[in-house]
Amino acid sequence: MKALGPILAVVAAIIALWYAAAVPMNIAEVLTQAERAGAVVEPEGAMNRRDVSRFVLVLRNTEHLAESWSMERARLPAPHQIAKELWVSTWDEEVNGRRGIVKSGSLSNRSLIYHGSITLSATIVGFLIGSGLGILLAVGIVHSKTMDMSVMPWAIVSQTIPIVALAPMIIVVLYSIGVEGLLPKAVISAYLSFFPVVVGMVKGLRSPDAMQTDLLRTYSASKPQAFWMLRLPASVPYLFASLKIGIAASLVGAIVGELPVQRGGLGARMLGGSYYGQTEQLWAALLFAAALAAILVWLIGWIEAKTLRRMGVTP
Amino acid sequence: MSLVLLAVAVWIGAWAFNGWLANGRFSGFASVHLAVPLIFGATVIVVWELIVRGLAVPQVILPPPSTIVGAFFDNFGILWPDFVQTFAKGALGGYAIGCGAALLTAILVDRYDFLRRGLLPVGNFMAALPIVGTAPILVMWFGFDWQSKAAVVVVMVFFPMLVNTVAGLRDTSAMQRDLMRTYGAGYWQTLFKLRFPAALPFIFNGLKIATTLALIGAIVAEFFGSPTRGLGFRISTSVGALALDVVWAVIVVAALTGTAFYGAVAWLERRMTFWHPSQRK
C-alpha cells in the first residue's frame, strides 16, 4: 500500500491540472455565453476579445471562471462532466433509457457498452487469429533454416513500418468484395498483433541456452520432444510479453478500422463526436477505450501470472 | 491460367533455391544472409504480379506491383509534398518535441524518488493505452495543419520514451557512482559524465520505438482532418476514389520512410554507443 501514495498524488495532480487548464481553454466561449445572458464582460463584444490572449481574459473576468467547468460542448470538458457522460452513456442509458437493455431487451445503440462490445469482439477475434498465426510462423522459423533466413528479416523490418496505414484500404477492399461487419476490422487487428508475436515468440523459442539443448541431446530427445519439453515452456514468458503488446495493437487496429465505415464501435463514436463537436462524447469514448485496453492488458498479465505459477517459474 | 502455374513454379523454384542456399555449404557467408531475404522478397513480388494478372483480379481489389511502381513515379509530384507535410513537419516535429520533453521529464523524475514512484506506473499504464484516440481532440484544438499532427505524435512518443529513459538513468552501479563521489563530482557532473552516457542504450531503445509511433500518429491523425496534402489524407481520399494503385504507392512511401527513419536512429546509436556490449562485433 506504500506504493499507492505517490501514484494517487500524481493522479490527483493531473486532475487538478486538468481543472486548471479547462479555465483558459474554455474562457472565450464562456464569456460569449455570459455576455448573451446579459452579464458585463471585459472587454465587450466577441470581436474585441478575439485577439486578446486567453490568460488575459481569465484575469480580467474572474467572476465567470466557474462556468468553464459546466459548459456544454466545451473545448476541454472538466473531469466531472466526462465522468457524468460516461455514467449517462453506460449505466443510465442501458437501465433507464427507452432503448436500453432493461426496457428493450437489446443493448442501446447510443450506449458505450454497445459500441465497446463491437470494438471488443473485433479486437478479440483479430488478436486470436493474429497471435495464433504468429506462433505458428515462429515455430516454422525456428525449425526451418530456410524460413528463418527468408522471412525473419522481413518480420523485423515490418515493425518499423506504420502498418496501420493499410487499415482504410483493407476495409474498403473487403467491403467491395462483399465482406463487411466484424471480419475486416478483425483482419486489421490480426495484422497488427501478428508481427510483435512472431518476433517475441522466435526470441522465446530460441532462449534455451546451449547447456540446456546439450542436456536434451544427451538424453537423446527427439526434435518434437525438445520442442514440447524445452523450447515451448521456455518461450512462455516471452510469449506473454509480446501478447500484451499485441492486444494493445489489436485494439488500436479495431478502432482505426472503424473510422472509414460508420457502423458503430468506439472509433465511429470518436469520429462522430469530433464531427459534431460533442466533446464529452468524444472524451467518454476515449476513456472507455483506455479502460478497455487497461483491462485487456491486465487480463493477459493475470493469465501470465497464473500460468507461470502453474509452471513453477514463479513461486 | 498459365501465369498462375508459372507463379507456382516460380514460388517452388525460388523456395528450393533459398533452401539450398540456407542449408548448403555457403550458408555461413554474409552475402548469402543478405541474398536469401532479398530473393524471398523478389519472389513474393513476382508471384503477386503473376497471380494478379493470371486471375485478372480487378484493379480495385489488388493492383499488380508494376502498376504500383508506375503510380509511384506518375504521382511523384504529389507524393513529395505529402511526404514533407506528414513526415518532415508532423512526425519529425512531434518526435523532436516529444522525445525532448520526455528526456527532461525523465531527469526530473529520476531526481525525485517520489515522482519516480508516482509517475512511472502512470507512464507505464499510459504507454499501453490507445493514445492515437486523442487525435480527434488534438485536431480540434490545434487545427487541421501539421501542428495538430505534431501534437498527436508528442503524446504518443512521450511515455515510451519517458519509461525507457528513467530505466536507463538508473542503470549505473553503486560502485560507479561511488567512484564519481570520490572524484568530488557534483550531481550535474555525475549526470553528464556517468549516468547519461550509461543511459544511452536505453534512450536509443526508446527513440527507436518512437520512430514507428511517430509515423503512425502522424498518419492516423490525418484521417481525422487535414489540409489537402499529407500521406494519411492521400490514403483516405484515394481509397474513397478507389485509386488503389495510388494508395499502395503511398504505403510504399510510408514503409520506406519508416524503415529509413528507424535505420537512421539505429545508425546514430551504433555511432554513439559503440562501447556497449550489444554493439561490439
Side-chain angles (χ1 to χ4, degrees), chain A residues 3 5-11 13-14 25 75-76 144-154 157-169 171-173 176-177 244-245 248 251-252 255-256 259-260 266-267 270-271 273-275 277 279 282-283 285-286 289-290 292-294 297, chain B residues 15 18-19 21-23 27 32-33 36-37 39-41 60-62 114-119 121-122 125 128-137 139-141 208 211-212 215-216 218-220 223-225 231-232 235-236 239-240 242 244 247-248 250-251 254-255 257-259 261-263:
Chain A
I7 300 177
L8 286 180
V10 166
V11 171
I14 290 173
M25 284 296 278
R75 277 166 67 91
L76 176 61
S144 153
K145 202 166 176 201
T146 318
M147 260 176 111
D148 174 27
M149 283 173 74
S150 316
V151 181
M152 199 55 195
W154 294 107
V157 167
S158 74
Q159 302 224 306
T160 66
I161 296 174
I163 301 177
V164 97
L166 284 166
M169 189 176 61
I171 297 283
V172 170
V173 165
S176 72
I177 58 171
K244 280 184 203 162
I245 300 171
L251 185 67
V252 172
I255 289 175
V256 174
L259 298 179
L266 293 174
M270 284 178 197
L271 197 61
S274 89
Y275 274 166
T279 43
L282 182 53
W283 276 97
L286 179 63
L292 211 56
V297 172
Chain B
W15 191 256
N18 262 352
L21 275 181
N23 298 305
S27 69
V32 169
H33 276 267
V36 169
I39 292 172
F40 178 74
V60 291
I61 292 178
L62 189 66
F114 183 83
L115 272 182
R116 187 180 62 77
R117 282 186 298 156
L119 209 56
V122 176
F125 175 74
L129 297 185
I131 295 185
V132 91
T134 54
I137 295 163
V139 169
M140 199 183 297
W141 287 353
K208 285 195 287 190
T211 56
T212 319
L215 266 180
I216 291 175
I219 290 177
V220 172
F223 294 160
F224 287 96
L231 296 175
I235 288 174
S236 52
V239 162
L242 289 179
L244 284 201
V247 179
W248 277 102
V250 176
I251 288 168
T257 312
T259 310
F261 192 13
Y262 186 94

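Residue numbers start from 1 in every chain, and the chains themselves are labelled A, B, ... in the order their sequence lines are given, proteins ahead of strands.
For A:Pro168, the parts lying near chain B are the backbone and the side chain together; criterion is any non-hydrogen pair under 4.5 Å. Contact annotation for B:Thr134: both backbone and side-chain heavy atoms come within less than 4.5 Å of a heavy atom of chain A. Proximity to chain A involves both the backbone and the side chain of B:Ile137, based on heavy atoms less than 4.5 angstrom apart. For A:Leu76, the parts lying near chain B are the backbone and the side chain together; criterion is any non-hydrogen pair under 4.5 Å. Contact annotation for A:Ser158: neither backbone nor side-chain heavy atoms come within less than 4.5 Å of a heavy atom of chain B. For a residue to count as touching a neighbouring chain, one of its non-hydrogen atoms must lie under 4.5 Å from one of that chain's; by this rule B:Tyr262 touches chain A with the side chain only. For chain A, no part of B:Leu62 is nearby; none of its heavy atoms comes within less than 4.5 Å. Contact annotation for B:Ile219: only side-chain heavy atoms (C-beta onward) come within less than 4.5 Å of a heavy atom of chain A.
Minimum interatomic distance between B:Gly232 and B:Phe223 (heavy atoms only, all atoms of both residues): O-CE2, 3.4 Å. Of all heavy-atom pairs spanning A:Thr279 and A:Arg75, the tightest one is CG2-O, 4.3 Å. Here the shortest heavy-atom pairing between A:Trp154 and B:Pro37 reads NE1-O, 2.9 Å. Residues B:Ile235 and B:Val247 approach most closely at O-CG2, 4.1 Å, considering heavy atoms.
Under the 4.5 Å side-chain criterion, counting only non-hydrogen atoms from C-beta, B:Asn18 is not in contact with A:Met149.
Under the 30°/60° scheme for interplanar angles, the aromatic rings of B:Phe40 and B:Trp15 are found to stand perpendicular.
Annotation: maximal heavy-atom pairing with chain B below 4.5 Å, among A:Ile177, A:Leu251, A:Leu166, occurs at A:Leu166. Ranked by heavy-atom pairs shorter than 4.5 Å toward chain B, the options A:Ser150, A:Ala13, A:Ala167, A:Ala248 are led by A:Ser150. Comparing A:Val252, A:Leu282, A:Val164 by heavy-atom pairs within less than 4.5 Å of chain B, the highest count is held by A:Leu282. Ranked by non-hydrogen atom pairs under 4.5 Å with chain A, the options B:Gly41, B:Gly263, B:Ser236 are led by B:Gly41. When each of A:Lys244, A:Met152, A:Met147 is checked for heavy-atom pairs under 4.5 Å with chain B, A:Met147 comes out on top.
Of the listed residues (B:Leu231, B:Thr211, B:Ile216), just one forms a side chain to side chain contact (heavy atoms under 4.5 Å, CB included) with A:Pro162, and that residue is B:Ile216. When each of A:Ile14, A:Ile7, A:Leu8 is tested with A:Val10 by the rule side chain to side chain contact (heavy atoms under 4.5 Å, CB included), just one qualifies, namely A:Ile14.
Listed by chain and number, the residues in a ring-ring contact (aromatic ring centres under 6.0 Å, His included) with B:Phe261 are B:Phe87, B:Tyr95 (sequence neighbours excluded).
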